[in-house]
Number of protein chains: 2
Amino acid sequence: MTEVEKTLDNKSVRPTAMRILIYKFMASKNTAVALTDIENAFEKAERTTLYRTLKTFEEKGIVHQIDDGTNISKFALCQPGCNCEIDQDLHLHFHCSHCDKTVCLTEHKIPHINLPAVYIAEDANLVIKGICDSCSDH
Amino acid sequence: MTEVEKTLDNKSVRPTAMRILIYKFMASKNTAVALTDIENAFEKAERTTLYRTLKTFEEKGIVHQIDDGTNISKFALCQPGCNCEIDQDLHLHFHCSHCDKTVCLTEHKIPHINLPAVYIAEDANLVIKGICDSCSDH
DNA sequence: AGAGATCATGCAACAGAAGTGCATTTAATG
DNA sequence: CATTAAATGCACTTCTGTTGCATGATCTCT
Ligand SMILES: [Mn+2]
Ligand SMILES: [Mn+2]
Ligand SMILES: [Zn+2]
Ligand SMILES: [Zn+2]
C-alpha cells in the first residue's frame, strides 16, 4: 500500500486506479486545478468520473473547492492540518490575471470582519487578483 | 430628461428605452442581480441585449460585477462615489446561502493584506457567506 | 470460492451561462 | 433627407456543470 493509497484510505475513500492518478496529478501541481485541467491531463479520462471523484474528494476533506472569480471552479489538495469540513480553514487565494493560475496561500488567513449584527457569517472567501511570482519576474 | 437619463448621459451611455428600464430595475432592487434575473423580469427582453447592456454599464462605471461564489456573475449599481474603474472600490459582499441573494456591503471595505513580496496585488474580492437579515429573523 | 450487495465507472444526454457573427432597426449628425 | 454610427434581435456555438442509467469492479458474508 503506497503513501497515496494510505491517504485515501484514511479518509474513507477507496483507492481506485483513477483516484490515485487524480490525486497524484493534483499533488504534482502547486496550483489549483479545474475539472478541465484534469480532463486534458489524461487523454483517456471520463469527465463524469473526474467530476464525481472531485466531489467525493471534497466531501471527504481531501480537496477543497476554490472560487477564484473566474466562474470556473478550481480544486486544490488540502494541506495536512487543513480541516475544511469541521471549521473552515479560511486561508486566502491568489489568482494571477496574467497566467490565469490560482494558488492557495495557506499561511495567510482571512481576517475577521465585523458585520452588522443582522448577518450571520458562516464562511468567507477572499481572493487577491494580480500578478503572480512567475509572471512578475521576467 | 429624467434623472436616470441624466445619469446614463453623464457616463457617456446613450439612454435608450431598454437601458433605462434595466437601470430602473436594478435601482429598484437592493440585491445584486444576475443576467437571468433581468431576463425574467422583462418578458420581452433579449438576452443578448441585456448581456451587452451590462457589459457597457460595467465599462462605463455604472455597475460593477460581483463574484459571489455561485459561479454566476451578479451585477449591482455603483453607489455615488464608487469609482470602480479608477482604483477599485474594495467593499465586500454578502451571499445568503438560504435565499441565495447577494448584497453589497458598501460601508465595509476589504482590509489590507500583506502578501509575500513576489505577488503584485491589483484587486481583491471578499465574499462572506451565511444567513442574511431577511432570513435570520423568522 | 460463490452469491449478493455495494460502490465506481462509462456513456449519453441535458441545463444553464456566456459569448460571437451578422442582419436589421434605431438614433445622431450634418 | 441622406449618411453614418450605435443599439438591438436572432441564430448559433462553446463551455461548465450535472443527472440517469447500464455496466463493470470490488467488498462481504456464508
Ligand atoms: Mn486553498
Ligand atoms: Mn458591490
Ligand atoms: Zn501568473
Ligand atoms: Zn437570505
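When reading the values below, keep in mind they use all heavy atoms of this one structure, side chains included, and skip hydrogens, waters and symmetry mates. In what follows, every chain begins at residue 1, and chains take the letters A, B, ... in the order their sequences are listed.
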Fill in: Rounded interatomic separation in angstrom, taking CE from A:M18 and P from C:dC11
12 Å
Fill in: Parallel, tilted or perpendicular: ring planes of A:Y119 versus B:F94, cut at 30 and 60 degrees
tilted
Worksheet item: Which one, D:dC27, C:dA17, D:dA7, comes nearest to the side chain of A:R14?
Response: D:dC27
Discussion item. Between B:T36 and C:dA17, is there a contact of a side-chain N or O with OP1 or OP2 at under 4.0 Å?
Written reply: yes
Worksheet item: Looking only at atom types and distance, does a side-chain atom of B:S136 sit under 3.5 Å from a main-chain N or O of A:V118, one as donor and one as acceptor?
Response: yes
Any N/O pairs under 3.5 Å between the protein and nucleotides 23-25 of chain C? List them or say none.
none

Item to complete: Decide, yes or no, whether a salt bridge links B:K129 with A:D67 under the criterion of side-chain N to carboxylate O below 4.0 Å.
Response: yes
Discussion item. Working note: A:D89 + A:K109, criterion salt bridge (Lys or Arg N to Asp or Glu O under 4.0 Å); need CA distance, chi angles, decisive distance, verdict.
Written reply: CA-CA 8 Å; A:D89 182 75; A:K109 307 299 180 186; 3.2 Å; yes
Worksheet item: What is the distance, rounded to the nearest whole Å, between atom CG of B:N71 and atom P of C:dA18?
Response: 10 Å
Worksheet item: Is A:L105 reachable from A:I66 through a run of I, L, V, M, F, W or Y residues, each pair having side-chain heavy atoms under 4.5 Å apart?
Response: no
Worksheet, complete the sentence: Sorted by number, residues from residues 2-10 of chain A placing a heavy atom under 4.0 Å from DNA chain D are none
Worksheet entry | Integer-rounded Å distance: D:dT8 C1' and B:I20 CD1 | 15 Å
Worksheet entry | A:T16 side chain, from C-beta outward: closest of C:dA18, C:dA8, D:dT19 | C:dA8
Item to complete: Residues of residues 38-50 of chain B with any non-hydrogen atom less than 4.0 angstrom from an atom of DNA chain C: list those, numerically ordered, please.
Response: B:R47, B:T48
Practice prompt. Determine the contact category for B:T56: base if any of its heavy atoms lies under 4.0 Å from a base atom, sugar-phosphate if only primed atoms, P, OP1 or OP2 are that close, otherwise nothing.
Written response: nothing
Worksheet item: Is B:I128 reachable from B:I131 through a run of hydrophobic residues whose side-chain heavy atoms are each under 4.5 Å from the next?
Response: no
Worksheet entry | A:K55 NZ to C:dA8 C1', straight-line distance once rounded to whole Å | 17 Å
Worksheet entry | Per B:R52 side chain, nearest of listed nucleotides D:dG9, D:dA7, C:dT9 | D:dG9
Response to the item:
Rounded to the nearest 0.5 angstrom, the CZ-CG distance for A:F42 and A:D37 is 11.5 Å
Discussion item. Quiz question: by atom type and distance under 3.5 Å, do the side chains of A:T56 and A:E59 form a donor-acceptor pair?
Written reply: no
Discussion item. Below the 4.0 Å mark, does C:dA18 have OP1 or OP2 next to a side-chain nitrogen or oxygen of B:Y51?
Written reply: no
Worksheet item: Quick one: do A:E3 and A:K6 make a salt bridge, cutoff under 4.0 Å?
Response: yes
Fill in: Protein-nucleotide distance (A:L21, atom CG; C:dA8, atom P), rounded to Å
16 Å
Worksheet item: Between the side chain of A:N40 and the main-chain N/O of A:T36, is any donor-acceptor distance below 3.5 Å?
Response: yes
Worksheet item: Any donor and acceptor pair, going by atom type alone, linking the side chain of B:R19 with main-chain N or O of B:V13 inside 3.5 Å?
Response: no
Worksheet entry | Between B:H93 and B:H95, ring centroids under 6.0 Å | no
Item to complete: Write down the distance between CG (B:L35) and P (C:dA15), rounded to a whole number of angstrom.
Response: 19 Å
Worksheet item: B:I72 has a side chain; which of C:dA8, C:dA17, C:dT20 sits nearest to it?
Response: C:dA17
